Structures are given as C-alpha cells and as structure tokens.
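A short write-up of the structure that comes next.
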Amino acid sequence: MSGESTASDGIFESDAVSPPLPSVDRDPLVRLAQSYGITCENTTPDAGVVAVPSSTLQLILESFGVDASSDESVARALEDFSDAPWLRVLPAPLTLREGQELPFHVYVPHDSAAGVTATLSLEDGKTREFAPTLGNDLPKRVHGRDVTRLEFVLPADLPAGYHELSTSASDDSTAVIVAPQRIEYQVDLERQPAWGFSGLLYALRSKLSWGLGDFSDVAELGHSAGSHFGADFLMLAPIHASETRPPFSVSPFRASSRRWINPMYVRVEDIHETAYVRPENRSLIDWHSDDSRTLNKISEVIDRDRAWGSKLSSLNFVYQVPRSPSREAQFERFIEEGGDDLHNFAVYSVLRAEIGIGDTRWKTEARDPSAPLSQEVAEQRVRDVRFHMWLQWVADQQLANAQRVCREAGMRIGLLREIVPGVTIYGADAWCDQHVYASGMRQGSPVSVIADEDGGWVWDQPVFDPRALREAAYAPFQHMIRSHMRHAGAVRVSRALDLFKQWWVPDDVDPSEGTWVHYDHEAMFNIIVLEAHRAGALVIADSDGMDEPWMRDYLRERGVLITAMLWSESDAEGNAVHPRDYHKQTFATLTAHDLPALAGYLGGELVDVRNRLGLIKTSFAEERLEDIRVRQPYIRMAREGKFVAEEATERQVIEGLHRFVAASPALLVSVSIADAVGERRAPYVAGSLDSYPNWKLPLADSTGDSVTVDSIPTHPRLESLARAIARVRGRFAPPSA
C-alpha cells in the first residue's frame, strides 16, 4: 500500500487504525451494499468467485454515511434507503438524452398535493410548465408525515443543455441535464480518416525551451506536423496542474488538479508583458533563460525542479508589469469565468507553496477553503492569489495559441488532450472539492504486476462518492471535462473504466480486499457528450480493463472512439486481432505514453532494463520468451500482409507496422513521435520507483542524441514514416528531402 497520508474526514486527516468492526448478518448487509452500487462478490484468477469481506462492505457504507455496524443498524439503513426519496420534494439531478421522455416523482405533504405543478427553467431563459401525469398515490407515512408521490414526465422535445427544475410545492430545485444521443463528428472522418502524432510534452524541447517542452514548442510542432506532414492532430499527454513547490511529481498521470493546467509549460518570452519588463529585471530573465537552455543539451534526464525555479522567478517579474486596459479586462474575464473554482485553486496553491503535506495545519486552520488560514490567505494575500490565477490565464492563452496554429497549419482536429480521471489525495482538487470525495477510501486495482504479492495495488488517489457527485449535479466532473475540451479538437479519456466502476480500498485494508463500486455512467457520459457537442470535439476512450463487452458497445453507441493498441488487441479466445478487423470507431496505435518506444520494445530492451533493476519475478529467459511470444502473432500477420519483409531493418519494420495499422478501418491512427525518430528508451518502467528515470527522459533518436522540435521538419526518419502513413491514410504526403 502507498505510504502517503490517508483520507478520513478530510484529505489530510489522521492515519489512525480503526478498531475491528463487529460482525453482522451477511444477507441484509449484502442487500444494503448492493443498494448503494457496491459489488459483494468478485471473480479472481485463482480462487474463482470470492465474497467481499463484510468489514470492507461496512467501511464503504460508512464512507457513505451509512451505519452498518450491527444487525439493528443495517435494518434501519435498509429502511432509510427505502424512505430516502420520500424525504425530499424533488429527485436528485436528472440526466437524459434528447428525444427521451423521463418520468420523475415529486413528494409533497398529502394535504397539499392538489394543484402542484413543475416548472423547467431552460438554459436559454424560457420556461416549461408541467402537471402531474397520474393521480395521487396513496400517501405513505414517513417520519410521522403523510407524503404523497406525484408523477411527472419530462418530454422528449427538450433541448440539449443545463436546465433547472422546480415545483410550486417548495423553494427546492434540481438540475436537469439533457445531452445529444451521441457525438456527431465535426470532421468528415468517414470520407477521410485521420492520423496524427502523440508525444510527452515535457520531452518535446526546442532550442528556446527552458529545459523542458512548453506550449510554444507545441505550437511549432503542430505547425510542422500539419503543414509538412499532413497530420490531423497532435496528442498531448496530461498537462494537468502539479505541485506548486519542488520536488515536483514527474508522472503525467499524477495530478494535483485535473481542471487546471501546469504553468511549468508556459514560455516566458511569449507573454505580452515580457517585452515591457524593467531592464534590470529583464537581464535576470535573460540570465535564467540562458541557464535553463543549457539543460536542452542534456539527453539523460529533465530537471523539472531547476527549470521551474528559473521560470517562476522570471514569471514574477513579468507579473509586476502593468497590463494594458484591454489585457487587464481579458484577465478579469478569465477570473470571472473561473469563479470560486479558480479562486480556491489559487488559495490552495499559495498554501501548498508554503506548507508541507505533513504539516498539522492541514487538519485544522487550512482544512478546507472556509478554514481560518485559508480565509486569511484569501483576504490578506491577494497579490499572491491573483498571481496563481494569472499563471492559469497566461497558460490558457498559450494553449489557445497552440490550437490556433495547429488548425491554421491544416490540421482538421488540432490538439488532442488526454484526461485521466482522478487526482492525488493531498492535491488541489481533493482540497477544494472534499464534499464529493469518499472519506477513508482510495482507488486501487484488484490485481497487480507491480506489487511483490499479486494481491492488488492502491494509489494515493481519492475516489468520487457517486452519491455526493450526483447531489453536486456532477459539477466538479463537468468542469474537468469542459476544461479539457477548451482549446482542443479532441479528448482521450484514459482509464474510462473509472466512469463505470472503480476498485475502492478502505484505508489500512489490503487492496485485494477492496471491491468495485459502480457509478452512474449514463449521467457522466451525458455530460461528456453534451460538452463535446458544444466544443465540437471528438472523444476517445481507453478501454483498458473493460472486460464486459457491453461497455464498449455503450461507448460506440454514444459516438465515442475506442483505443486499440496493436499488441493488446485479442478476441475472446485470446487470439491476436488483425487490424483489418478493427471497428471503424477506433483510435488505433502501436504504443501508449507509459509503454516503451517501439524500437526498444521490438528489441526486448524493456526486459533487459527490468532484469538490470531486479524487477523480474520469474527468470530473465522466461520473461524474454514471453515478451517475444506476445509480439509474434502480430509480426506474423504484418509479414503475411506484405507490410514487413522477412529481412527488414529495424526502421523498415517500424514503418511497416505503422502502415499495417494505418490500413485498418480505424477512423483515427496515432503515431508516437518517439517511435518516428527511433527512440529506444522506455519513458517509464513499472515498479522501478527511483531506480529508473521515470518520466524524465527527453526525446532522443536511436543513437541517444537529443532530438529537438526545431529538427522535426527535416528529420529523415520521421519524414519517411509520415510519408508512408499519409499514403495509406489518403492525406497529402510531404516531398522527399
């Protein structure tokens, strides 16, 4: 289990171990747990169907605020669950699709049920009135009151949007979210399938970078990819906000906030006010930039801490420059649009820059945005709070510019941003939105190839409480989705399984004794489809872990493309799937951000690295044979299709495999820039912790020399691969060098 702080009543609460829970009658407990979407039996590879420990069910129910510590309390909780709808006038937020009718109930005192109407206030300001569709039910006695249930129906002709439902019976209201049936592609992918590049932003440096890639590098790379190679998109690994002080988390899948972005990727010189910095401060900025650019010559590791230290000092100088009236108005509009979410994030950023994770003040005066120290920062540290909001503004502007450059370069999609649901348990989102996270729970996995014991894994990542998320009208989730579709033509949802179910692990419990908790995937995908409709964006899902076929069917029904990585595509019998058999609604690729570069993978270098680091559980020979066995059927199919010759060189094999995948019916095909330039190293080695430079390697070629964004347009290996892909996909091919 992770050694980070655990969540109890708050994100930085005590790690104290709770006393053992008393045993209770299993059958009523299971009924209660199932009522809350908790899975009570799971299938394991070795033992078959296994009952989830009663203690796990009790702890998860406790995180929902449900007492299941005795037979009596379980009986009361079952009764309370049945009575719960009758204790509120309106239901929790409703989500539906366009063209769908949706019945709903209103609960009112029996003696005032006559004449009750419902009003739907539409997003455009119009209203719709409804009368009950059925006569009054017989009243039910609930907590000493006679309550009548009235049935209404939301009609099928409601427009897509975020609406509000109220009744004449009370001042209560609830949200109504209406989504299109499916995502309609703004790009004609049926007539002209698309292809593009993917990469890790920090690794994509140019001569002008400050030691790691930035948004200006993205713009230049997007220009080259679109205008020189005919690519339709540029996919970026997660660019979420990280810590505000070193040491920084290096993983692109570990976030402090998923809504806000990392200002580490800002190019200082491209901020408008940099041109007007006082001369003495400008000299310091030039000194910092020169010092940081020396890091671009190092091909071994990226030093984020040093790069950000230089950049942060320089950004402070730029922030001091008075903005023109129009620029100030733009900044104020950004702050207004960000609302409390942006303000609370900035307050957290100020606090986190000064208070370590283990500081006891997180439990008391900085416990949440309303706590005394948090309020003191908000009121007395206005300059610092606004500085962190300004960082988000300039980052947003530079990301917007990168998308504009990509589109102007001929890309039909432009930037493709990756979403990874979930944040660190001590990060900004978990602090700002504590009310929607489950107390005392973390996300994990039932099995693991990383842990010494194959009993699962757990991360320092909280889990959304599905009930609290629904009561919040899914606002934190909607804000995250909308922010990723801002300045992007497509988004890819990594770990999309999380939107269906997550493996919950109570604090101080072995991850193998956790269980699945289900989410309202229809509601969450309604929000994704609605936001995609408004942004004109494509949506792609990573289907890892989706062992239930209906999940993939559901995604395709909603217009979502599903990722297919060549080496992991197999049928129900475990046979390799030929790319020609891919569903057209597919995002096809040969690799992923956390997998080794193709040249190294084909050469078995990951096995060599794992062997050197002592990570192999069986033997080097066995793992080497297994590594080869996994690849063989796909290589054989590519050779049978004349995509790869028997005596092909490494470069020819890589090009042939890309043509093999590009010839599939997949509407989108992705090419890793690392593969295109011949990179051999793995960006990440599972289980290596600090023994390998995970997420720190800059882009390099097959000889280990750094490859910069400036050299991409004339890189012979990349151009050759791009020309081969373009011919297969039907996009224009670049001229030969």
Side-chain angles (χ1 to χ4, degrees), residues 183 185-189 192-204 213 215 217-226 229-240 252-253 258 261-262 265 398-421 480-496 528-529 531-533 535-543 555 559-565 585-594 661-662 666-676 709 722 725 729 731:
I183 297 166
Y185 307 147
Q186 302 297 310
V187 177
D188 188 356
L189 298 176
Q192 181 63 69
W195 74 278
F197 289 110
S198 65
L200 294 161
L201 175 52
Y202 66 81
L204 303 173
F215 292 132
D217 294 325
V218 171
E220 291 304 314
L221 182 57
H223 171 75
S224 299
F229 303 124
D232 276 314
F233 63 83
L234 176 59
M235 177 177 170
L236 300 178
I239 55 175
H240 56 255
F253 302 101
R258 293 291 180 197
I261 56 183
N262 198 335
Y265 298 128
Q398 293 192 4
L399 187 63
N401 178 66
Q403 171 66 349
R404 178 185 60 78
V405 170
C406 286
R407 295 301 299 273
E408 289 177 354
M411 288 188 173
R412 291 183 293 161
I413 296 170
L415 296 181
L416 192 165
R417 293 184 58 187
E418 186 159 19
I419 307 173
V420 183
M480 177 186 71
I481 297 298
R482 179 175 292 181
S483 71
H484 279 76
M485 292 182 181
R486 185 179 173 94
H487 314 316
V491 297
R492 179 176 179 269
V493 183
S494 183
R495 288 207 324 253
I528 289 174
V529 171
E531 292 298 328
H533 168 73
L538 297 168
V539 176
I540 302 152
D542 175 0
S543 61
L555 292 173
V560 177
L561 283 76
I562 299 177
T563 300
M565 189 179 68
Q585 216 167 299
T586 294
F587 175 82
T589 180
L590 278 89
T591 189
H593 295 314
D594 58 345
V661 170
L667 295 179
L668 267 64
V669 168
S670 177
V671 179
S672 164
I673 293 175
D675 292 343
V709 167
I725 295 290
R729 292 263 103 183
R731 288 282 281 165

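Counting begins at 1 with the first residue of the sequence. All values below come from the heavy atoms of this structure, side chains included, with hydrogens, waters and symmetry mates left out. Predicted model, so just to flag it, every value in this text is computed and none were measured.
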Donor-acceptor pair, side chain of S672 and main chain of A674, under 3.5 angstrom:
yes
So CZ of R417 and CD of Q403: to nearest 0.5 Å the spacing works out to 10.5 Å
In sequence, state the C-alpha distance, the side-chain angles, and the governing distance for L236 and Y265, and then conclude on side chain to side chain contact (heavy atoms under 4.5 Å, CB included).
CA-CA 12 Å; L236 300 178; Y265 298 128; over 6 Å; no
Nearest heavy-atom approach of L234 to V218 is CD2-O, 3.8 Å
Do L399 and I239 come close enough that some side-chain heavy atom pair is under 4.5 Å?
yes
Heavy-atom donor-acceptor pair, Q585 side chain to I562 backbone, under 3.5 Å:
no
Looking at every heavy atom in both A237 and L200, which two are closest together, and how far apart are they?
CB-CD2, 3.5 Å
Can any side-chain N or O of R495 pair as donor or acceptor with the backbone N or O of P421 at less than 3.5 Å?
yes
Reported CG-to-OG1 distance for the pair L668 and T589, which is rounded to 0.5 angstrom
11.0 Å
Do L667 and Y185 come close enough that some side-chain heavy atom pair is under 4.5 Å?
yes
Is there a donor-acceptor pair under 3.5 Å between the side chain of Q192 and the backbone N or O of R729?
yes
Between R258 (side chain only) and V420 (backbone N and O only), is there a donor and an acceptor less than 3.5 Å apart?
yes
Heavy-atom closest pair, residues V539 and M485:
CG2-CE, 3.8 Å
Taking the side chain as every heavy atom from C-beta outward, state whether I183 and V560 have any atom pair closer than 4.5 Å.
yes
When you measure from the side chain of D232 to the backbone of R412, do you find a donor-acceptor pair of N or O atoms at a distance under 3.5 Å?
yes
How far does CD of E531 sit from OG of S483, to the nearest 0.5 angstrom?
9.5 Å
Here the gap from R492 atom CZ to H484 atom NE2, rounded to the nearest 0.5 Å, amounts to 12.5 Å
Closest approach of Q398 to F215 (non-hydrogen atoms, all atoms of both residues)
CB-CB, 3.9 Å
Start with the C-alpha distance between I261 and R486, add both sets of side-chain angles, then the distance that settles side chain to side chain contact (heavy atoms under 4.5 Å, CB included), and finish with yes or no.
CA-CA 11 Å; I261 56 183; R486 185 179 173 94; over 6 Å; no
Using modelled atom types and a 3.5 Å cut-off, is there a donor and acceptor pairing between side-chain atoms of R407 and backbone atoms of G489?
no
When you measure from the side chain of S670 to the backbone N and O of F197, does any donor-acceptor pair fall under 3.5 Å?
no
What's the separation between atom NE2 in H223 and atom CZ in R404, rounded to the nearest 0.5 Å?
11.5 Å
Mind checking the CG-CD1 spacing from L555 to I528? Nearest 0.5 Å is all I need.
9.0 Å
Please give me the minimum heavy-atom distance between P193 and A666, naming the atom from each residue.
CB-O, 4.1 Å
Heavy-atom nearest pair, A588 first then V661, reads CB-CG1, 3.6 Å
Answer whether the closest heavy-atom distance between the side chains of Y202 and N262 falls below 4.5 Å.
no
